[in-house]
Student: 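Here you go, one structure.
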There are 2 protein chains.
Amino acid sequence: MNNFENVNNRRTRPAKPPLSLDIIIKTAYKLLSENGISGMSMRKIAKALDTGPASLYVYVKNYQKLSAYVLDYGLREVKLVENDTVYWKDAIINILKSYFKVLVETPGLAELALTTPPNGMNSMDINECLLKYLQTGGISKRGAAWGIDILLLYVSSLSFERTRRSKKDNDLDDMVALYNKVDVSKYPMIGMLKSELFSGEGDERFSWGIEVILQGLLTMQNS
Amino acid sequence: MNNFENVNNRRTRPAKPPLSLDIIIKTAYKLLSENGISGMSMRKIAKALDTGPASLYVYVKNYQKLSAYVLDYGLREVKLVENDTVYWKDAIINILKSYFKVLVETPGLAELALTTPPNGMNSMDINECLLKYLQTGGISKRGAAWGIDILLLYVSSLSFERTRRSKKDNDLDDMVALYNKVDVSKYPMIGMLKSELFSGEGDERFSWGIEVILQGLLTMQNS
DNA sequence: ACCTGAACACCGTTCAAGT
DNA sequence: ACCTGAACACCGTTCAAGT
């Protein structure tokens, strides 16, 4: 074999870092944030690591489990530390704003959050922290336990919608078009409210929804 | 060519129904309800219709648009008609229960509801109806418009979780296992509430969540 | 034990050629 | 216009053979 032709043999090419679960997750996350969810395939991760797809299965059971790891890795940046003097409601809103920001900034992460059961340290930290502040606000055990689910779900889906909206070939536009040329006599409410149905681009709708859920949790205490 | 060997030529095989958008959607829905979301691929739909995958693209722009049609077709069975004497809140709960039932009974439909922007007559009927009852309950225009989003999202995700839970090779079980062997000194809240976090199999959690959202909507009126 | 190319059984979509 | 087989550019996962 001719070493001059085969420039990329083991001796001449740069040393390849050994595989590990950690390096696989980080590579997957990088691909996800650069190219969205379709950029993170087992084959593309393997190629980015200069190996074959089979190699990944030494460290990861399957694509779904890897997705869960990547989601949790993405959530490491959610800011949980609050000044002790912050009112419990504002603390919750700040945490959820940070969660929202992380999901919107990394394309594909919002979709993962909506379809992959969270599983890992960072998601656990977020849950623990939210439970603490709900407890501080006087919300019952069951209210807190079931309430964090609604809160995180609401924020995940808002961010998923936001990331979809910023893509082109937008299926949301079809929906908007359908609602805009609706027969007002058959759909009076939709006709009347169509401007409201798709409004709330900025923080307004986000904050409103969280307020609704928190108000609901508080009110349910006394009944 | 030998007609005796080639039994399935055009003359001898049963007449093939002509393609149409309608027939494609119904076939896709049938495959979805029998085999879940992975059973509904363009290729499998084509095979079920005894043709090649390219034929479908005469009637449907792409897989995502077809998904939206199938979702709306699945929603046709949601019961919207309520006795006029029913209290508005109960009417909403009944509609959402029917929506929940439809999503749980057809595997894959819940996932579609969570990831595909609804687009069609049936989804519009559901929205119109919910808006009407929220209005009856005295909820503001904006509250109603933004509120149906939270309500439908909440029910969709509960049904998605339910359908996932009934599968084996369940990634949710990993999460439950993780939460069960958590370090109680680091995660006191999770340790304390872990039984509540995964409870609520039946109607209880479903009804509780809807009540929370409705209470929140009502309370937000006066602030 | 770790690593890998090749193979297996699939995808969505488009092309070119038919009617 | 409608229909279609074949091709294109991909998937996740497993196997068999290497070290």
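Proteins get letters first, then strands, A, B, ... in listed order; numbering begins at 1 in each. All values reported here derive from a predicted model rather than from experimental measurement.
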Student: Keeping to residues at least two apart or across chains, list the side-chain hydrogen bond (donor to acceptor under 3.5 Å, both in side chains) pairs with something in residues 35-45 of chain B.
Tutor: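 Checked against side-chain hydrogen bond (donor to acceptor under 3.5 Å, both in side chains) - neighbours excluded - no pair reaches residues 35-45 of chain B.
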
Student: Let's see if you get this right: which residues in residues 24-34 of chain B place a heavy atom under 4.0 Å from DNA chain D?
Tutor: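 Correct list: empty, so none.
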
Student: What is the distance from CG of B:D50 to C1' of D:dC3, rounded to the nearest Å?
Tutor: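 Computing the B:D50:CG to D:dC3:C1' distance gives 12 Å.
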
Student: Counting primed atoms plus P, OP1 and OP2 as sugar-phosphate and everything else as base, spell out the protein contacts along nucleotides 8-19 of chain C at 4.0 Å heavy-atom distance: B, S or - for each nucleotide, 5' to 3'.
Tutor: ---BBBBB----

Student: Is it true that, when you exclude B:K194 itself, more than 12 heavy atoms of the residues, nucleotides or ligands shown sit nearer than 6.0 Å to its NZ?
Tutor: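 Yes - once you tally the heavy atoms of other residues, nucleotides and ligands closer than 6.0 Å, there are more than 12.
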
Student: Which residues pass the side chain to side chain donor-acceptor pair (under 3.5 Å) test with B:Y187, sequence neighbours left out?
Tutor: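 By the side chain to side chain donor-acceptor pair (under 3.5 Å) rule, B:Y187 matches A:D125.
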
Student: Pairs under 3.5 angstrom only: tabulate donor-acceptor contacts from the side chains of residues 174-183 of chain B to other protein residues two or more places apart or in another chain.
Tutor:
unit_1 : atom_1 : unit_2 : atom_2 : d
B:D174 : OD2    : A:K65  : NZ     : 3.3
B:Y179 : OH     : A:N127 : ND2    : 2.6
B:N180 : ND2    : B:V176 : O      : 3.4
B:D183 : OD1    : B:S185 : N      : 3.0
B:D183 : OD1    : B:S185 : OG     : 2.8
B:D183 : OD2    : B:S185 : OG     : 3.4

Student: Between side-chain atoms of residues 20-29 of chain A and protein atoms elsewhere (two or more places apart, or another chain), which donor-acceptor pairs fall under 3.5 Å?
Tutor:
unit_1 : atom_1 : unit_2 : atom_2 : d
A:S20  : OG     : A:I23  : N      : 3.1
A:D22  : OD2    : A:K26  : NZ     : 2.9
A:T27  : OG1    : A:I23  : O      : 2.6
A:Y29  : OH     : A:T106 : OG1    : 3.2

Student: Name all residues meeting the ring pair (Phe, Tyr, Trp, His ring centres under 6.0 Å) criterion together with B:Y63; count only those two or more places apart in sequence or in a different chain, and write none if there are none.
Tutor: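 For B:Y63 there are no ring pair (Phe, Tyr, Trp, His ring centres under 6.0 Å) partners, ignoring immediate neighbours.
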
Student: Look at the side chain of A:S33 and the backbone N and O of A:K30, then say whether any donor-acceptor pair between them is shorter than 3.5 Å.
Tutor: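 At least one qualifying donor-acceptor pair exists.
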
Student: To the nearest angstrom, how far is A:I23 atom CD1 from C:dC2 atom C1'?
Tutor: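 About 15 Å, once rounded to whole Å.
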
Student: Please state the C1' separation for the pair D:dC8 and C:dC10 - nearest whole angstrom.
Tutor: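 Per the computed distance, 15 Å lies between those C1' atoms.
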
Student: Mind checking ring pair (Phe, Tyr, Trp, His ring centres under 6.0 Å) for A:F206 and listing every partner two or more places apart, or none if nothing turns up?
Tutor: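 Testing A:F206 for ring pair (Phe, Tyr, Trp, His ring centres under 6.0 Å), a comparison that skips the adjacent residues, returns A:F100.
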
Student: Is the phosphate of C:dT4 approached by A:T51 (side-chain N or O, under 4.0 Å from OP1 or OP2)?
Tutor: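 For A:T51, the contact criterion (side-chain N or O under 4.0 Å from OP1 or OP2 of C:dT4) is met.
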
Student: Of all residues at least two apart in sequence or in a different chain, which pass the side chain to side chain donor-acceptor pair (under 3.5 Å) check with A:S199?
Tutor: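 A:S199 satisfies side chain to side chain donor-acceptor pair (under 3.5 Å) with B:W146 only.
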
Student: For A:T163, which residues count as a side chain to side chain donor-acceptor pair (under 3.5 Å) partner, sequence neighbours excluded?
Tutor: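 A:T163: no side chain to side chain donor-acceptor pair (under 3.5 Å) contacts found.
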
Student: List in chain and number order the residues that pass side chain to side chain donor-acceptor pair (under 3.5 Å) with B:E34, two or more places apart in sequence or in another chain; answer none if no residue qualifies.
Tutor: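 So B:E34 forms no side chain to side chain donor-acceptor pair (under 3.5 Å) with any residue.
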
Student: Is any side-chain nitrogen or oxygen of B:Y59 closer than 4.0 Å to OP1 or OP2 of D:dC2?
Tutor: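 For D:dC2, neither OP1 nor OP2 has a side-chain N or O of B:Y59 closer than 4.0 Å.
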
Student: Wobble G-U and Watson-Crick pairs count when both distances are under 3.5 Å; given that, what is the 5' to 3' dot-bracket string of DNA chain D, with | for pairing to other strands?
Tutor: ||.|||||...|||||.||

